[in-house]
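Read the structure below first, then the notes.
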Amino acid sequence: MLDLKYVRDHMDQVQQMLRNRKLDMDLTRLVRLDANRRRILVEVEELKRQRNVASEEISLAKREKRDASRLIEDMKDVAQRIKAMDQELAVIEERMNDELLLIPNMPHESVVVGGDEKDNPVIKTWGSPPAFDFAPRNHWDIGESLGILDFERAAKMTGARFALYWGQGAALERALINFMLDVHVRQHGYTEVLPPFMVNSSSLVGTGQLPKFKEDLFKLEGRDYYLIPTAEVPVTNIHMNEVLEEEDLPKYYTAYTPCFRSEAGSYGKDTRGLIRQHQFNKVELVKIVSPDTSYQELENLLLNAETILQKLNIHYRVVSLCTGDLGFSSAKTYDIEVWLPGQNTYREISSCSNFEDFQARRANIRLRRKGKSKTELAHTINGSGLAVGRTLVAVLENFQQQDGSVLIPPVLQPYLGNVERIETIH
RNA sequence: GGAGAGAUGGCCGAGUCGGCUGAAGGCGCUCGCCUGCUAAGCGAGUGUGGGGUGAAAGCUCCACCGAGGGUUCGAAUCCCUCUCUCUCCGCCA
């Protein structure tokens, strides 16, 4: 969330930001509430001051065995007024908070103003699409004919947008998870964590999924527990309500988790295959850093994510999301888009964002600089490193062979018992 | 699921019958002094959030002792609800 004082003092910029994000929000209500709140606050605080003074007098009188009943009578009235005003304030503050929680983050100055994904500038490309002397197939054809992906049975036991992996398909998914974690831990200096796969609502408010995007989440019935839509939520909230010493920063965390998304509002999209599932695996990268270094840390995190595709030798490009495509909480986001020859297109496989202090303010993650008593908000950054299911898709489609088999990238072979190729077992 | 104990500042830890307790004491941290260096020692300072005022430094006020509510002129202290932690029993991967 944005700082209320910032909103108050930079109304024009905030309004412009909303236009750039193609959002229509009325901030006048918030401004009115804010003015109202301060007016009442001044009044009630004066009453409280009077009460404090009187309390001291009463206390003194009692100790000196003097009568204080007159003063006590007077204070009864003051106490009532304070109570009424406090209640009024509580209502106003709740409404203000509701409004503030719905205002998205300010994009970084480097973010291009644009309407949708078509306006996202391509920042870089790596490698080139593989050449096929046959028509490359999409991954669900490859997976089903190899007998490693089974969507029909998954639909039977659960429903649409779930997948059952068999044999070497299941092993390949697991290999990718282990490979990604190993690279990030051993080569990039991240600490591996294995968080809960359910979180409470305050964690989701902390990272920005709530209150605005409730319909995207799976919630457990009768409890304040939600299935995580990304490891970002539990991992960023590790340091919720904490003050971190600057010298202990930056924090680098990586986590494998399944992710659960309701995919409300995407009914027609990507109905076939692994691309858009209600449950998918992801290895996530999360950084908690000083405001001084967050943009450099974002660049490095992006490189860490790219490294996975480079080691797998799969072509991709990186785009920078424009204002119209930028996520609610993000100040700047790079998407890594992997090449999928079976679909002749690039698909998002990682999204790397700097949230600046937007999540930190919500989750109350602060830092204290050496020698300073004043705390300030940390910056949070995260990115997929990578979406595992989509990486498996990329492996299947990019390394498919004319005979229907799929070559395993050399870096993954040690994770698969040195198997070099997945082929149909007869 | 049953029974009990607890939650206080960055950390540890006091808080009597509700009233100079924003909170003793210690640790840590910051600055200064002292010692040839280090350690020790001495002195001062050191929470967060919000408001008013001010160009600013500052001054000043209010709130906060797990969370929320209640009693009261007044609550860290009393009452209720919830959350979490710990112990014992039951169940269980």
Side-chain angles (χ1 to χ4, degrees), chain A residues 1-9 30-101 194-206 210 219-220 222-226 234 237-249 251 288 290 357-358 360-378:
Chain A
M1 109 181 116
L2 299 179
D3 183 12
L4 175 62
K5 283 200 279 275
Y6 177 87
V7 177
R8 187 192 295 153
D9 298 340
L30 180 64
V31 173
R32 226 181 25 246
L33 287 167
D34 177 43
N36 211 9
R37 170 179 172 269
R38 281 182 292 163
R39 182 180 56 74
I40 297 171
L41 202 57
V42 169
E43 245 180 284
V44 77
E45 284 189 353
E46 169 58 20
L47 288 177
K48 285 180 179 175
R49 192 191 61 76
Q50 287 173 18
R51 183 179 67 182
N52 289 343
V53 171
S55 274
E56 231 169 281
E57 262 177 70
I58 292 167
S59 165
L60 196 71
K62 293 233 164 172
R63 261 177 285 148
E64 293 176 353
K65 312 279 190 223
R66 283 189 283 115
D67 177 50
S69 53
R70 179 63 198 272
L71 200 49
I72 288 172
E73 272 312 304
D74 290 350
M75 282 303 111
K76 280 186 182 173
D77 177 55
V78 172
Q80 289 244 299
R81 287 163 66 199
I82 288 174
K83 193 171 175 181
M85 291 172 99
D86 271 344
Q87 274 164 4
E88 201 178 344
L89 276 176
V91 170
I92 290 173
E93 278 166 11
E94 196 187 329
R95 283 188 192 151
M96 286 175 71
N97 201 40
D98 290 348
E99 300 266 333
L100 267 179
L101 285 173
L194 182 62
F197 299 161
M198 299 178 208
V199 292
N200 59 31
S201 54
S202 60
S203 291
L204 287 156
V205 171
L210 288 180
K219 183 178 191 301
L220 268 69
R223 312 203 53 153
D224 184 35
Y225 289 167
Y226 294 79
N237 281 293
I238 287 173
H239 295 294
M240 178 201 299
N241 296 328
E242 289 185 21
V243 178
L244 303 165
E245 300 300 330
E246 191 194 20
E247 62 206 52
D248 296 334
L249 297 179
K251 302 275 191 193
I288 298 177
S290 156
D357 63 13
F358 189 85
R361 184 172 293 107
R362 289 170 163 243
N364 191 25
I365 303 168
R366 293 172 295 169
L367 66 96
R368 190 192 319 277
R369 294 181 193 267
K370 197 145 180 70
K372 294 241 174 94
S373 68
K374 204 79 186 148
T375 59
E376 55 192 292
L377 293 165

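Residue numbering restarts at 1 for every chain, and letters A, B, ... go by the order of the sequence lines. Quick caveat, the model's predicted, so the values are computed rather than measured.
- In this structure, the nucleotide among B/rC61, B/rG50, B/rC73 sitting nearest to the side chain of A/Ser55 is B/rC73.
- Looking at heavy-atom distances under 4.0 Å, A/Arg8 makes contact with sugar-phosphate atoms alone, never a base.
- Among the atoms of the strands shown, only primed sugar atoms or phosphate atoms (P, OP1, OP2) are found under 4.0 Å from some heavy atom of A/Val42.
- B/rG15 and B/rU72 are spaced 29 Å apart, taking the P atom of each and rounding to whole Å.
- Between A/Glu45 and A/Lys48 there is no salt bridge, since no side-chain N of the basic residue sits under 4.0 Å from a carboxylate O of the acidic one.
- A 3.5 Å limit on both hydrogen-bonding distances identifies no Watson-Crick or G-U partner for B/rU77.
- Remark: the A/Asn200 side chain and the A/Asp224 side chain contain no N/O donor-acceptor pair separated by less than 3.5 Å.
- If you measure from atom CG of A/Leu71 to atom P of B/rU72, you get 17 Å, rounded to the nearest angstrom.
- For A/Arg70 and B/rC73, the CZ to P distance is 16 Å, given to the nearest whole Å.
- Distance CD1 (A/Ile82) to C1' (B/rC61): 13 Å, rounded to an integer number of Å.
- Look at B/rG6: its Watson-Crick or wobble partner, with both distances under 3.5 angstrom, is B/rC84.
- The side chain of A/Arg366 lies closest to B/rU48 when the candidates are B/rC73, B/rG51, B/rU48.
- Side-chain atoms of A/Asn36 and A/Arg39 include a donor-acceptor pair closer than 3.5 Å.
- In a base pair of the Watson-Crick type (N1 to N3 plus N6-O4 or O6-N4) or a G-U wobble (N1-O2 and O6-N3), with each distance short of 3.5 Å, B/rA40 is matched with no nucleotide.
- Pairing for B/rG28 goes to B/rU46, judged as Watson-Crick or G-U wobble with the two contacts each under 3.5 Å.
- You'll find the side chain of A/Arg49 reaches within 4.5 Å of the side chain of A/Val53, heavy atoms only.
- B/rC92 makes up no base pair with any nucleotide shown, lacking Watson-Crick or G-U wobble contacts both under 3.5 Å.
- Taking a pair to require two hydrogen-bonding distances under 3.5 Å in either a Watson-Crick or a G-U wobble arrangement, B/rC20 remains unpaired.
- Here B/rU53 sits opposite B/rG58 as a Watson-Crick or G-U wobble pair (both hydrogen-bonding atom distances under 3.5 Å).
- Scanning for ring-ring contact (aromatic ring centres under 6.0 Å, His included) contacts around A/Tyr6 gives A/His10, with sequence neighbours left out.
- Between A/Arg51 and B/rA63 there is a side-chain polar atom (N or O) within less than 4.0 angstrom of OP1 or OP2.
- Taking the nucleotide of RNA chain B with the nearest heavy atom to each of A/Leu4 and A/Glu46, the more 5' of the two is matched to A/Leu4.
- The phosphate of B/rG52 has OP1 or OP2 within less than 4.0 Å of a side-chain N or O from A/Arg38.
- Residues A/Leu30 and A/Arg8 form no side-chain contact, since every pair of their non-hydrogen atoms from C-beta on lies 4.5 Å or further apart.
- In this structure, A/Ala79 reaches the sugar-phosphate backbone alone: every heavy-atom distance under 4.0 Å involves primed, P, OP1 or OP2 atoms, never a base.
- Closest approach to the A/Lys5 side chain among B/rA63, B/rC61, B/rG50 is made by B/rG50 (side chain taken as heavy atoms from C-beta onward).
- Pairing partner, B/rU71: none, since no Watson-Crick or wobble contact has both distances short of 3.5 Å.
- When heavy atoms are screened at a 4.0 angstrom cut-off, A/Asn52 is found touching the sugar-phosphate backbone but no base atom.
- Here B/rG19 is the nucleotide among B/rC61, B/rG19, B/rG50 with the atom lying nearest to any side-chain atom of A/Ile58.
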